[in-house]
Structure formats: structure tokens, C-alpha cells
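Here's the structure we're looking at; comments come further down.
Side-chain atoms are counted along with the backbone in the values below, which use heavy atoms only and exclude waters and symmetry mates. In the text below, chain A, chain B and the rest are named by the order of the sequence lines, each starting its count at 1.
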Protein chains: 2
Amino acid sequence: MNLKTLAEKLGLSQTTVSRALNGYPEVSEATRLRVQDAAVRFNYRPNSRAKGLATGRSMVVAQIVPGSSEHEMVNPIFGDFVGGATEALARFGYDMMISRVLEDDEGKIYRELHARGAVDAVILQGPSVEDPRIPLLNEIGMPYIVHGRSTGITAPYSWVDVNNKRSFRRATQFLTDLGHRRIALINGLEYMDFAQRRRSGYQEALDAAGIAADPALMCSADMTEGYGYRETRRLLHLADPPTAILSASMLAAIGIRRAIQESGLTMGRDVSVITHDDDLSYLRNGDDIPIFTATRASVRAAGAILAEQLVALISAPESGPVHHMIEAELVVGGSTGPARRRT
Amino acid sequence: MNLKTLAEKLGLSQTTVSRALNGYPEVSEATRLRVQDAAVRFNYRPNSRAKGLATGRSMVVAQIVPGSSEHEMVNPIFGDFVGGATEALARFGYDMMISRVLEDDEGKIYRELHARGAVDAVILQGPSVEDPRIPLLNEIGMPYIVHGRSTGITAPYSWVDVNNKRSFRRATQFLTDLGHRRIALINGLEYMDFAQRRRSGYQEALDAAGIAADPALMCSADMTEGYGYRETRRLLHLADPPTAILSASMLAAIGIRRAIQESGLTMGRDVSVITHDDDLSYLRNGDDIPIFTATRASVRAAGAILAEQLVALISAPESGPVHHMIEAELVVGGSTGPARRRT
DNA sequence: TCATCGCTCCAAAGCGGTTTGGAAAATCCG
DNA sequence: CGGATTTTCCAAACCGCTTTGGAGCGATGA
């Protein structure tokens with residue numbers, strides 16, 4: 001069923017039917033109702049491509065799956081983020097498209113998406129400390145928004161981000177307040193901007209407490225369970241082991257807990273642990289009471305907020321770059337306690 | 001840059017330029033090269049919507065994000081599956097679109113996507129034992145392929161699936177061969193078809209070994225770490241506890257390991273564990289040597305295979321339903337060993 | 001009574017491609 | 001050399017929608 005045949009069935013012109021369905025005032029309420037009723041009866045939907053061609057907008061937003069090679073890691077937050085974003089986008093009539101780079105040249109795909117007119121905007125995921133995609137997209141002139149920030153970029157750009165620095169400063173301070181002075185940081189990959197910010201928050205809190213940072217207590221890698229486990233084992237075997245550990249992700253924290261238990265220690269008593277928690281739906285931090293003390297920020301909510309900002313940006317690009325800072329909450333669970341005098 | 005202006009710059013008609021770029025034989029090699037060169041120079045890309053409108057194909061495949069309410073779980077395999085599928089789709093010039101249901105009526109969105117002509121085909125994720133979406137899509141007449149199967153459906157349909165029954169039969173037999181007779185099954189949600197098949201494979205192997213299945217040794221829920229932990233605790237406190245546990249996912253297996261260690265037992269010696277492993281990029285079963293003995297099948301590879309089958313199906317729907325069975329491999333890790341006589 | 005206005009509605013021109021049905025030019029062949 | 005054939009190219013229709021620029025018509029007001 002297309003517009004033409006629907007118009008014929010109603011004995012109206014395509015113009016009138018189109019206007020009736022799109023809420024234009026040039027059509028009487030009576031005909032509007034008649035048209036709407038018929039549209040429902042015949043299950044009519046305007047063809048997306050034709051509509052897009054006529055309006056010049058595709059009502060699609062793209063996100064590039066990070067990782068060009070097969071062996072790179074798919075971000076574990078991907079599912080929840082996309083879930084939150086698509087739901088919000090759907091409310092505004094937008095669809096979400098996932099693209100993927102086959103070559104190394106990620107810029108190419110943005111250029112192509114724009115030249116093809118395939119999407120109205122893109123979402124930038126996982127920015128590095130100085131992400132080249134931002135100036136690239138500025139040059140191309142396609143609306144976009146970044147999930148996270150890129151410290152090294154001075155040009156203006158829109159973003160939605162968690163206040164990683166502050167949340168890790170608070171978490172660290174929470175530990176120093178409990179008397180901890182040997183605090184380890186098991187961080188994500190530090191070319192990623194969020195990891196960098198977390199480290200600087202951690203650093204600030206140590207400085208404030210007059211604690212010298214110890215490079216042996218810091219590490220950086222992909223946030224897997226095994227990584228948390230291995231690093232914790234290493235840390236616990238140090239001559240002067242940490243009494244508290246800060247973790248960048250729930251998955252790593254699970255590995256941390258395993259290493260602690262395996263050493264015959266008790267988490268929250270012998271070693272305190274605070275983790276960041278993206279509130280992933282398949283990786284909840286306990287059901288009702290939190291297992292880990294955590295800095296929590298729902299990545300699903302972030303996706304929804306980002307989508308809303310992006311939609312606003314598409315319809316009014318001149319409204320300038322938008323920024324939205326999400327404050328993580330510090331939830332206190334059973335994994336932290338006062339520092340114990342070393343035996 | 002559009003076709004018209006490109007043609008003008010070349011002093012050719014739109015027809016010729018279009019044909020030159022699309023490989024039609026009606027144009028001389030010389031002009032073809034001239035056109036291709038100009039297309040590259042001006043960074044020309046045919047507009048997706050216009051092309052789609054003219055050809056009647058959108059070159060887009062949709063996948064519905066499962067879970068209509070905010071509290072439902074996003075499938076942890078989502079990211080890896082989509083990564084594998086989009087990469088394969090991209091090779092054939094297809095894009096992948098993610099949609100989401102706002103209402104409860106999932107059928108509505110398939111109808112709408114089809115009526116709008118927004119996509120050429122859809123991917124069905126997570127089929128239940130008798131999934132109503134299959135007859136619905138048959139009725140609508142849009143190409144689709146199922147990731148998994150639906151036992152209760154007799155109508156023909158295309159699918160790509162892991163041989164869950166066989167892999168769990170083998171895993172169970174592996175345990176009975178080691179002398180285990182009390183084998184627990186920590187399964188996924190059993191209205192899901194894959195969970196049902198795994199249980200029946202487990203059942204078959206028990207029957208073959210002459211072991212009576214004990215309902216107390218089986219459970220079914222969303223596959224989270226906490227679930228694996230809680231159920232294992234419960235199992236280990238039984239009067240006649242299991243000596244081996246079969247797990248439906250790595251995440252659950254991690255919880256299982258935690259419960260075992262917490263009980264002062266050693267995994268692989270006191271209690272054997274075999275888990276299914278989707279080979280998720282952020283949840284690897286050890287780096288080089290596997291930690292868990294596992295039935296392994298890469299969900300990323302499944303996504304790629306499914307995408308290829310779907311593309312073939314789109315271009316030749318009459319070639320009938322396609323089926324592709326993936327055999328999981330049984331990798332032996334450190335989590336299994338001979339049954340020990342109970343003390 | 002007649003120009004004016006507001007309300008409905010419509011014909012037709014895009015949007016940017018593909019594809020059909022020729023036509024002109026070049027090549028072949030007896 | 002001239003007709004047949006092939007090669008190379010083009011004008012125009014079409015895909016299904018939006019939107020511009022009116023047209024028709026009853027009501028209004030001077």
C-alpha cells in the first residue's frame with residue numbers, strides 16, 4: 001500500500017493525504033480523520049526511503065562498532081548502551097544503524113556515511129585522549145555526539161560523559177578516610193580518555209591525603225576478569241602490598257575478589273575494593289544489597305540521555321555543542337572497611 | 001556531489017555514468033575508467049535512499065533488541081554477535097539496523113519495518129521453544145533467519161544454531177566417563193529453546209549412563225554470576241551434593257567457581273565444572289590454556305555465518321530455508337577431573 | 001453586488017538514483 | 001562502397017514521498 005493507491009481509494013489527492021497524515025493545518029478535521037482511519041485500516045506506512053529522499057533526512061543515527069580487527073575486544077557495555085540509546089531514539093522516530101570498519105581507515109566510513117546520506121548523525125564511542133575522529137567529523141560537517149570526552153581536543157564538540165575524575169577522587173578519598181594509604185588502581189587502557197580521567201581523580205585524592213603515588217600499585221589494560229585476578233595476585237605478593245584496590249570495571253572486580261579469596265584473605269576486611277559499576281543488566285552488583293562498594297553510573301541511562309541530546313542537536317545544530325555530565329553515585333557495599341594494621 | 005553534477009562535469013549523461021559505475025557492459029572501458037576516476041576524485045557516493053528507492057532494496061538488515069521493558073536483561077552475547085554479523089554484512093554491502101520495541105506487541109514492529117520498506121530482512125534472536133515470531137514473519141513474507149531454533153514450530157524456517165543438545169550430551173558423557181554420577185545442571189531460562197535442548201542433551205547422557213536425573217540438581221534462570229554462585233552454594237549444601245556441575249554460561253561458571261572456592265573445595269578436584277563458552281571477546285576462558293573445561297562455540301563466528309546465509313537468502317528467496325548447524329568443540333581445561341569418592 | 005478572504009483541496013515539480021527504448025556513431029563484411 | 005551489426009551514449013520514465021503555487025468555493029464585509 002503506497003500513498004498513491006491510498007489516495008485513490010479515498011478519492012483524494014496524494015497531497016491531501018500526505019498533509020492529513022503529517023498534521024498540516026491545510027486539511028479539515030473531518031478529512032483528516034477519514035484519512036487516518038483508512039491509513040490504519042490498510043496498514044499504510046510511508047516508505048522510509050521515499051520519505052527520506054523527499055525530506056532530505058534519513059531518520060537514522062549510526063554507531064561504529066569499535067575494533068577493526070577480529071581480535072580486538074568488543075566493548076562489554078555495547079549492548080546496554082545500545083539498548084538505552086535505541087529506546088530513546090525510537091521515541092523520536094529515529095532508527096539506529098551499526099556500522100563497522102573493514103579497513104584501518106576509520107575516517108573513510110564517516111565520510112562515506114555522510115556522502116551516501118545514509119545517516120543524519122553518528123555516535124562516537126570510546127574516545128581516546130586525543131581522538132582524531134573529532135576534528136574529522138567537524139571537518140565533514142555531520143552532526144555527532146561523543147560518549148565520553150577527549151582531553152586533548154580543543155575544538156568544541158558535544159558530549160555526554162560520566163564525571164570519572166570526580167567519582168574516582170571520591171572513591172579514593174573514601175578509602176583514605178578509612179585509613180588506607182596503600183591503594184592500588186587497576187585501571188582500563190590508559191590511552192582511553194575515561195581511564196586517564198579516573199587515574200587523575202585517584203591521583204588528586206592521594207595528593208590531598210598526602211600519599212605518594214606508587215607506580216607499582218597502578219596498572220592499565222583491557223578490563224577482563226583475568227586481568228583483575230592476575231594483577232591482584234601480583235599486588236598481594238608485593239613486599240608492601242596494598243590494603244585497598246580501585247577497579248575500573250565489575251568484570252575486573254570479580255577477578256580481584258577471586259585473587260583475594262584465593263590468598264586466604266577476606267574482601268572488605270583484609271583488603272578493601274571499590275569498583276566502577278556500569279550497571280550492566282547481565283552483570284549486576286548484587287541483587288538488592290550491593291556486593292561491591294562502587295561508583296555507579298548506568299550506561300543504559302547514558303545511552304538514553306545521549307540519544308536525546310543528539311536528536312536535539314540534529315533538529316537545531318546551531319544550538320551549539322551540548323554537554324551533559326553524569327554524576328556517578330557512590331554506593332557502599334560489603335567490599336570496603338577500615339584499613340587494618342598489617343600483621 | 002550527486003550523479004547529475006558528476007555527469008555534467010564529465011560531459012556525459014546520468015545514464016552512462018550510472019552504468020559505468022555499476023559495471024554494466026554498455027559502456028566502453030575507456031569511459032568507465034574516466035568515470036571511476038572522477039567518482040573517486042569528487043568523492044562521489046550514490047545516495048542510499050535514492051538508490052534504494054530506484055532499486056526497491058534498502059540493503060539494510062534489522063535486528064530487534066530483545067527485551068521490551070527497561071528491567072529486562074540485555075543479552076550478553078549481543079555485542080559479539082552483532083560484531084560478527086555486521087562485519088560479514090558489510091562485505092556484501094549491507095548495513096545493520098537495531099530496532100527496539102516500545103510496546104509489548106513485537107509483531108507490530110516487524111509489520112512496520114516491512115511496510116515502511118526500511119529493511120530487506122531481519123534477524124531473529126533468542127527464540128523460545130515455540131516462538132510466535134516465526135509464523136508471524138512467514139505470514140508477513142519478509143526474509144528472515146533465526147539465531148537458534150524453535151522446537152515447537154513445524155513450519156519451515158531458516159536458522160543458524162549451535163548443536164546444543166549434542167554438545168551438552170558430550171559434556172555430560174565426559175563427566176560420566178570420569179565416574180561422576182551426581183551431575184548438576186545450572187541452566188539458562190528454559191522457555192528459551194537453546195536451554196531446553198541443552199537439558200535434553202544432559203538428560204540423554206544421564207540415561208545412557210543409567211543415572212536417574214535428580215530434579216534437585218537442576219535449575220533454570222538468567223545466566224548471571226550471582227545465579228551460578230547461589231545455586232552452587234545450594235547444591236553443595238545438599239545432603240547428597242553433586243560432584244560435577246554443568247553450566248550454561250561463562251558468567252555463571254565464574255559464580256560457580258567462587259562458591260566452590262568459598263566452600264574450601266578445589267574446582268577440578270573436589271568438584272568438576274564444565275561450562276558452555278560463547279567465546280565472548282570480553283570474557284575469555286583463559287588466555288592460552290583454558291581455565292574451564294568447556295563446550296566452545298564462538299558467537300561472533302555464528303553472527304558472521306548467519307549474516308552470510310541471510311544475504312544469500314535475500315538474493316535468492318526461492319532457494320528455500322537454509323540451515324546451518326555449528327558444532328561446539330569440547331575443550332578440556334583444568335576444571336574437570338575424576339570423581340572422588342565422597343568422604 | 002462584487003472584491004476579498006479563509007478554507008479545502010489539487011496538479012506538478014522536485015529529491016537522486018536506475019532502467020527502458022531508442023538514436024547516433026563506429027565497425028564489420030561481402 | 002553500402003548495408004548490417006555492434007558499440008556507445010542519451011532522453012525520459014519511474015521509484016514513493018513532500019511541498020510549492022495555485023484553484024475552486026462558500027462566507028464576509030463594504
Side-chain angles (χ1 to χ4, degrees), chain A residues 1-36 38-39 42-60 93-95 112-120 315, chain B residues 1-39 42-60 93 95 112-120 315:
Chain A
M1 173 63 57
N2 58 17
L3 188 62
K4 189 175 171 188
T5 63
L6 181 63
E8 280 167 4
K9 277 197 195 294
L10 282 162
L12 291 172
S13 76
Q14 294 189 38
T15 311
T16 306
V17 175
S18 171
R19 287 185 160 156
L21 293 174
N22 290 320
Y24 283 77
E26 295 94 336
V27 44
S28 73
E29 246 356 83
T31 27
R32 187 189 305 282
L33 288 175
R34 199 160 68 90
V35 170
Q36 282 174 342
F42 294 115
N43 190 35
Y44 166 77
R45 310 274 174 171
N47 181 289
S48 303
R49 300 188 295 275
K51 187 165 188 161
L53 188 55
T55 58
R57 319 228 271 114
S58 61
M59 301 305 281
V60 175
Y94 281 84
D95 285 314
E112 194 210 298
L113 283 172
H114 189 239
R116 275 169 52 199
V119 300
D120 293 337
S315 48
Chain B
M1 174 64 54
N2 59 15
L3 188 61
K4 190 174 171 187
T5 63
L6 180 63
E8 280 167 4
K9 278 196 196 294
L10 283 162
L12 291 171
S13 77
Q14 294 189 38
T15 311
T16 306
V17 176
S18 170
R19 286 185 162 156
L21 293 173
N22 290 320
Y24 283 76
E26 295 93 337
V27 44
S28 72
E29 246 356 85
T31 27
R32 188 191 306 282
L33 288 175
R34 200 160 67 89
V35 170
Q36 281 174 343
D37 171 66
F42 294 115
N43 191 35
Y44 166 77
R45 310 275 175 171
N47 181 288
S48 303
R49 300 188 295 275
K51 188 163 186 161
L53 187 56
T55 58
R57 319 228 272 114
S58 60
M59 301 304 282
V60 175
D95 285 314
E112 194 210 300
L113 283 173
H114 189 240
R116 274 169 51 199
V119 301
D120 293 337
S315 48

Which angle, to the nearest 10 degrees, lies between the helix axes at the two ends of the helix from dT1(C)-dA30(D) to dG30(C)-dC1(D), each defined by five pairs?
50°
Let me know the distance between [atom1] of [X] and [atom2] of [N], rounded to the nearest Å.
{"X": "Asn47(A)", "N": "dC14(D)", "atom1": "CG", "atom2": "C1'", "result": "14 Å"}
{"X": "Arg49(B)", "N": "dT18(D)", "atom1": "CZ", "atom2": "P", "result": "13 Å"}
{"X": "Leu33(B)", "N": "dT8(D)", "atom1": "CG", "atom2": "P", "result": "12 Å"}
{"X": "Leu53(B)", "N": "dC14(D)", "atom1": "CG", "atom2": "C1'", "result": "9 Å"}

With [X], which residues qualify under side chain to side chain donor-acceptor pair (under 3.5 Å), at least two apart?
{"X": "Glu112(A)", "value": "Arg116(A)"}
{"X": "Thr55(B)", "value": "none"}
{"X": "Asn43(B)", "value": "none"}
{"X": "Asn47(A)", "value": "none"}

Name each donor-acceptor pair under 3.5 Å that joins a side chain in residues 23-30 of chain A to protein atoms two or more places apart or in another chain, with its distance.
residue, atom, partner, partner atom, Å
Ser28(A), OG, Thr31(A), N, 3.3
Ser28(A), OG, Thr31(A), OG1, 2.6
Glu29(A), OE1, Arg32(A), NE, 3.2

Would you give me the side-chain donor-acceptor pairs under 3.5 Å for residues 11-18 of chain A, sequence neighbours excluded?
residue, atom, partner, partner atom, Å
Ser13(A), OG, Thr15(A), N, 3.3
Ser13(A), OG, Thr16(A), N, 3.2
Ser13(A), OG, Thr16(A), OG1, 3.2

Partners meeting salt bridge (Lys or Arg N to Asp or Glu O under 4.0 Å) with Glu8(B) (sequence neighbours left out):
none
Earliest and latest nucleotide of DNA chain C, 5' to 3', sitting under 4.0 Å from a non-hydrogen atom of chain A?
dT8(C) to dG16(C)
Any N/O pairs under 3.5 Å between the protein and nucleotides 19-23 of chain D? List them or say none.
residue, atom, partner, partner atom, Å
dT19(D), OP2, Tyr24(A), OH, 2.6
dT19(D), O4, Thr15(A), OG1, 3.2

Of Val27(A) and Ala50(A), the one whose nearest nucleotide on DNA chain C sits closer to the 5' end is Val27(A)
Do any N or O atoms from the side chain of Asp120(A) and from the backbone of Ser58(A) form a donor-acceptor pair under 3.5 angstrom?
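It does hold such a pair.
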Quick one: list whatever passes side-chain contact (heavy atoms from CB on, under 4.5 Å) with Ser315(B), sequence neighbours left out.
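Per chain and number, Ser315(B) pairs via side-chain contact (heavy atoms from CB on, under 4.5 Å) with no residue.
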Expected list for residues 1-13 of chain B near DNA chain D, using heavy atoms below 4.0 Å, is Gly11(B), Leu12(B), Ser13(B)
